[in-house]
Amino acid sequence: MQKELLSGNEAVARGAYEAGITFASAYPGTPSTEILENISKYKEDIHCQWGSNEKTALEEALGASFTGARSIVAMKHVGLNVAADPLFSASYIGTTGGFIIVSADDPGMHSSQNEQDNRNYAIAAKIPVLEPSDSQEAKEFVIEGIKISEEYNTPVMLRMTTRVDHSKSSVELGKRAATPEIEYKKDAVKRMLLPARARVKHVEVEKRQKKLKEFSTKFKYNYIIKGNSKIGVVASGISFQYARDVFKDAWFLKISMPYPFPEKLFLEFAKNVDKIYIIEENDPIIENFARLAAPEKEIIGKDLFPLNGEMMPDVILSTLGKKDLTPKFDISTLPIRPPSLCAGCPHTATFYNLNLQKVYVTGDIGCYTLGGLPPLNAMDTCVCMGASITVGFGIEKALEKAGKKIKQAAIIGDSTFFHSGITGLNDIIYNKGRSTVIILDNSITAMTGHQDNPGTGKTLMQEETQKIDIAKLIKNGLELKHTYEVDGYDVKAIKELLKRELERDEPSVIVVKRPCALLFKKAQWSPMQVDAEKCIKCNLCLKLGCPAITTKNEKAFIVEDLCTGCTVCSQVCPVDAIKFTDKHGFHIHDTSIQEYLIGGKK
Amino acid sequence: MKSIIICGVGGQGVLTASNLLSDVLLEAGFNVKKSEVHGMSQRGGDVIATIKYDEKEVLSPLPSINNTDYILSFEKLEALRNINYLSENGVIMVNDFVWEPLTVASGFAKYPEDIIENLKKYANELIIIPATKIARELGNSRATNVVLIGVLASNMDINKKTWTDIIKKKVPPKFIDLNLKAFEKGYNYNK
Ligand SMILES: Cc1ncc(C[n+]2csc(CCOP(=O)(O)OP(=O)(O)O)c2C)c(N)n1
Ligand code: SF4
Ligand code: SF4
């Protein structure tokens with residue numbers, strides 16, 4: 001059997017291939033993004049696409065299931081908040097082709113704004129959930145999930161976590177299953193949810209869940225490992241691996257399907273031990289079911305172990321008082337290395353200007369959120385995707401009612417605008433707002449590792465497609481009169497446009513255009529340098545937070561290897577001390593941006 | 001069970017190096033698990049990857065405090081940042097290279113001067129390699145990671161051919177020559 005080291009995400013993609021899936025969709029989000037990126041390697045067999053957001057992606061995958069096609073949709077945990085509406089309906093309607101919903105949770109919040117446990121969604125929506133502990137299981141659970149989905153007429157949630165997504169372990173590769181026949185058969189009774197039908201459906205869903213509870217006890221991936229003591233450990237997901245590293249002699253109950261809970265299996269397990277530890281990340285899901293099933297048993301769970309963060313071996317050991325984690329060296333004294341906007345980032349000049357003009361900025365999620373950190377400090381709120389426009393509008397209207405007004409703007413990226421920004425803009429126009437909305441269009445979804453989106457002209461399968469032009473959409477579609485475009489590297493133009501539009505008593509949109517600096521080949525860039533003779537130590541260029549600018553003998557100094565020659569620092573220098581070196585000859589600044597502007601070539 | 005931490009700054013090739021190492025270990029017949037955290041690392045933040053391997057089954061892929069056998073650091077400050085993971089008998093291999101964090105460049109913090117002394121204090125063995133300099137001399141600073149992999153290889157008990165075979169298999173054809181040279185330089189550095 002061929003074996004390969006795969007990350008959990010690569011393994012899910014492989015599972016999709018082997019399970020005979022033919023439709024896959026997603027909206028990117030760490031730690032889930034690589035699932036669809038890897039599925040796209042099987043594009044001969046699986047149609048795959050990015051949705052504008054998680055809701056559209058889930059609905060599209062559900063539609064695919066209606067035809068009998070096996071389908072999968074992937075998202076990060078907060079994405080399921082966006083897709084929650086169709087999730088609940090999908091549970092009542094059920095499936096035709098097998099349908100997997102991947103939720104990538106993020107215990108420890110490596111790259112998220114909260115630590116929600118999406119197994120709660122599976123319970124609330126009444127669909128089964130599978131939790132793999134390594135890449136091999138990640139692959140197998142896609143295949144098993146498809147079987148369960150088809151047999152029990154239900155979507156199946158695959159709950160991944162960052163460590164399972166991004167850890168590599170070896171996986172045995174199998175063959176692709178035969179794909180079922182794909183044909184759309186009319187079935188309005190099944191698929192048209194109306195109150196009268198939904199009442200019937202709800203009864204069916206409860207019956208289904210009862211059957212699935214029986215299945216869960218027989219499911220071969222829920223199993224007991226015999227031990228040499230009277231201690232029992234129940235664990236799921238990556239915590240199962242962590243716990244096995246710690247509890248050497250204990251009995252184990254490995255839970256791969258926490259809901260519906262394998263109650264009978266648990267009770268059989270519990271007979272063998274006196275004391276049970278439940279090791280799971282985030283919420284006490286398994287624990288609550290276990291306590292209900294065996295109220296008389298001594299169970300230790302979230303009363304002792306933390307509800308937040310990861311349950312890694314060191315955490316389990318120190319919680320049990322078995323390992324002292326006092327560091328031998330105090331690393332809190334070391335300078336931190338926070339992420340920053342890249343050298344030559346097209347977002348920098350906009351934030352620099354917002355900071356100088358002391359604007360209150362409602363922000364959003366993307367690379368540009370880093371513009372809220374020092375030294376740019378140009379962001380006041382960051383709530384969730386799309387909220388920059390709406391939260392800002394709420395602030396504006398509440399102040400207006402009180403007879404007040406502040407200098408405020410909303411800032412949002414191109415992908416985030418397509419995701420959920422446009423609805424907020426409708427609200428502003430409809431409700432007679434006067435907001436200034438800045439859309440940072442770098443022609444890519446950069447934060448999550450450069451995915452295409454409706455504005456880039458390319459699909460996930462790398463086919464050329466129509467580019468949706470944001471400025472045209474707003475100007476011609478929403479007929480918003482004050483829609484302007486500006487070059488992200490033009491400090492002065494941005495400054496003047498901002499000044500004018502912030503004063504305006506009507507809504508306006510400024511689309512800042514310039515492709516992400518990482519889309520260009522690094523080796524070709526011609527860097528700039530500071531003429532130390534001319535530099536007057538005003539430190540204005542250092543306020544850009546460009547990682548290529550540092551100091552040498554108190555004067556600004558540019559690290560050639562990092563500089564992209566974007567010229568933004570030279571534009572803010574009051575004494576014209578920053579000039580191009582003659583190296584390489586390729587100027588990122590000179591690349592034609594015509595194609596990115598209204599009426600341009602493409 | 002052995003565990004290795006590879007750390008550095010986003011963009012230095014830490015993840016590529018850790019993939020190379022895991023492939024070598026798998027090829028050498030070990031059970032291997034690797035863990036890494038993506039996210040904001042691409043924007044100049046610190047990056048860490050952990051590899052654990054054993055003849056027996058490997059369970060948790062994560063490093064634990066005072067329990068890591070090797071630390072391979074692409075930058076000096078990052079070696080110190082991960083020092084608490086090192087076991088008593090641990091070996092540190094560090095690139096003699098400073099990459100100032102933005103917090104230092106903009107004057108909010110100072111780059112520590114006593115890194116090497118501190119590393120010496122806690123490491124059973126400390127190897128300092130001018131890997132970036134070596135890579136530049138070979139014509140491309142991007143080969144730094146493979147110079148360092150060479151140093152690690154010379155400290156591990158795995159057939160040299162396994163390493164070079166994996167490099168030939170995994171590196172784009174254009175760069176195989178450069179990478180083999182870089183590996184050789186690293187492999188022979190400590191001899
Ligand atoms: C609901 C939700 N889905 C996905 C994400 C992950 N995510 C964070 S930022 C982002 C996209 C940012 O792209 P864009 O708005 O174009 O800004 P850029 O990073 O390119 O500057 C995504 C997908 C999230 N935080 N929340
Ligand atoms: S990846 Fe692109 S958009 Fe993100 S910080 Fe870097 S240059 Fe800016
Ligand atoms: S030109 Fe200036 S602002 Fe642009 S990347 Fe180089 S140093 Fe940074």
Side-chain angles (χ1 to χ4, degrees), chain A residues 3-5 7 30-31 33-34 108 110-112 134 162-163 165-170 238 240-246 310 312-314 317 323 325 327-329 331 333-343 345 367 370 374-375 447 449 518 539 542-543 545-547 549-551 559 561, chain B residues 1 9-11 18-19 22-23 25-26 31-46 50-51 57-67 75 77-78 80-84 86 99-112 115 118-119 121-122 140-142:
Chain A
K3 265 192 181 181
E4 240 181 85
L5 262 192
S7 71
T30 316
T33 312
E34 302 83 10
H110 297 283
S111 50
S112 310
D134 58 21
T162 301
R163 296 295 183 181
D165 288 301
H166 288 168
S167 294
K168 286 196 169 188
S169 54
S170 77
I238 191 81
F240 172 66
Q241 311 286 9
Y242 298 159
R244 280 213 296 161
D245 255 351
V246 173
E310 299 176 85
M312 39 243 238
D314 277 351
L317 284 167
K323 184 168 177 178
L325 294 184
K328 51 193 169 206
F329 178 82
I331 60 165
T333 59
L334 300 178
I336 54 167
R337 198 183 286 279
S340 63
L341 293 173
C342 303
C345 175
C367 280
L370 296 168
M447 178 79 196
L518 295 192
N539 283 354
L542 283 159
K543 294 217 166 73
C546 170
I549 310 179
T550 163
T551 50
V559 182
D561 274 2
Chain B
M1 166 90 61
V9 181
S18 68
N19 283 336
S22 337
D23 285 331
L25 290 165
L26 190 72
N31 291 305
V32 186
K33 275 193 183 167
K34 184 192 119 157
S35 144
E36 59 189 49
V37 170
H38 305 206
M40 304 284 256
S41 54
Q42 214 183 355
R43 314 287 171 271
D46 43 76
T50 320
I51 290 104
E57 187 183 3
V58 179
L59 301 167
S60 159
L62 296 190
S64 47
I65 302 289
N66 297 330
N67 213 359
E75 202 271 351
L77 173 60
E78 295 315 312
L80 191 54
R81 203 188 299 286
N82 288 298
I83 190 79
N84 290 316
L86 197 71
W99 185 329
E100 285 189 356
L102 214 59
T103 42
V104 171
S106 51
F108 290 108
K110 254 187 81 156
Y111 196 91
I115 291 181
N118 271 313
L119 292 179
K121 213 188 291 176
Y122 301 108
N140 194 337
S141 64
R142 291 193 165 204

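Note that the coordinates shown come from a computational prediction; the quantities given were computed from them, not determined experimentally. Below, read A as the first sequence line, B as the second, and so on, with proteins coming before strands; counting in each chain starts at 1.
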Check your understanding: Quick one: of B:V32, B:L80, B:L26, who has the most non-hydrogen atom pairs under 4.5 Å with chain A?
Key ->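 Of the candidates given, the most pairs with chain A belong to B:L80.
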
Review point. With chain A, which of B:E78, B:E100, B:M1, B:K121 has the greatest number of heavy-atom pairs at distances under 4.5 Å?
Key: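 Max contact count across the listed options: B:E78.
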
**Study point:** Residue selection (most heavy-atom pairs with chain B, distance under 4.5 Å) from A:A243, A:S169, A:P375, A:A343
**Key:**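 Max contact count across the listed options: A:S169.
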
Any side-chain heavy atom of [X] sitting closer than 4.5 Å to one from [Y]?
X: A:E310; Y: A:H110; result: yes
X: B:L77; Y: B:P112; result: yes
X: A:D134; Y: A:Q241; result: yes

Side chain from CB out, backbone as N, CA, C, O: work out which of these in [X] comes under 4.5 Å of a heavy atom of chain A, or both, or neither.
X: B:I65; answer: both
X: B:I51; answer: neither
X: B:I115; answer: neither
X: B:N19; answer: side chain
X: B:K110; answer: backbone
X: B:E57; answer: side chain
X: B:N118; answer: side chain
X: B:I83; answer: both

Measure distances from [X] to the heavy atoms of chain B and classify the residue's part below 4.5 Å as side chain, backbone, both or neither.
X: A:L341; answer: neither
X: A:D314; answer: side chain
X: A:I238; answer: side chain
X: A:P338; answer: both
X: A:R244; answer: both
X: A:K323; answer: side chain
X: A:C546; answer: backbone

Exercise for review: State whether a side-chain donor-acceptor pair under 3.5 Å links B:S18 with B:K34.
Suggested key: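 The criterion, which ignores hydrogens and geometry beyond distance, is satisfied for B:K34 and B:S18.
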
Ignoring hydrogens and angles, tell me if any N or O in the side chain of [X] forms a donor-acceptor pair with the backbone of [Y] under 3.5 Å.
X: A:R337; Y: B:T103; result: no
X: B:N67; Y: B:P63; result: no
X: A:K328; Y: B:N66; result: no
X: A:D165; Y: A:S7; result: no

Review point. Between B:G10 and B:W99, which heavy-atom pair has the shortest distance, and what is it?
Key: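 Minimum heavy-atom separation between B:G10 and B:W99: O-CH2, 4.1 Å.
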
Point to revise | For A:S167, side-chain hydrogen bond (donor to acceptor under 3.5 Å, both in side chains) partners two or more places apart | key: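 Partners of A:S167 under the side-chain hydrogen bond (donor to acceptor under 3.5 Å, both in side chains) test: none.
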
Check your understanding: Could you go step by step and tell me if A:M447 and A:C367 meet the side-chain contact (heavy atoms from CB on, under 4.5 Å) rule?
Key -> CA-CA 5 Å; A:M447 178 79 196; A:C367 280; 4.2 Å; yes

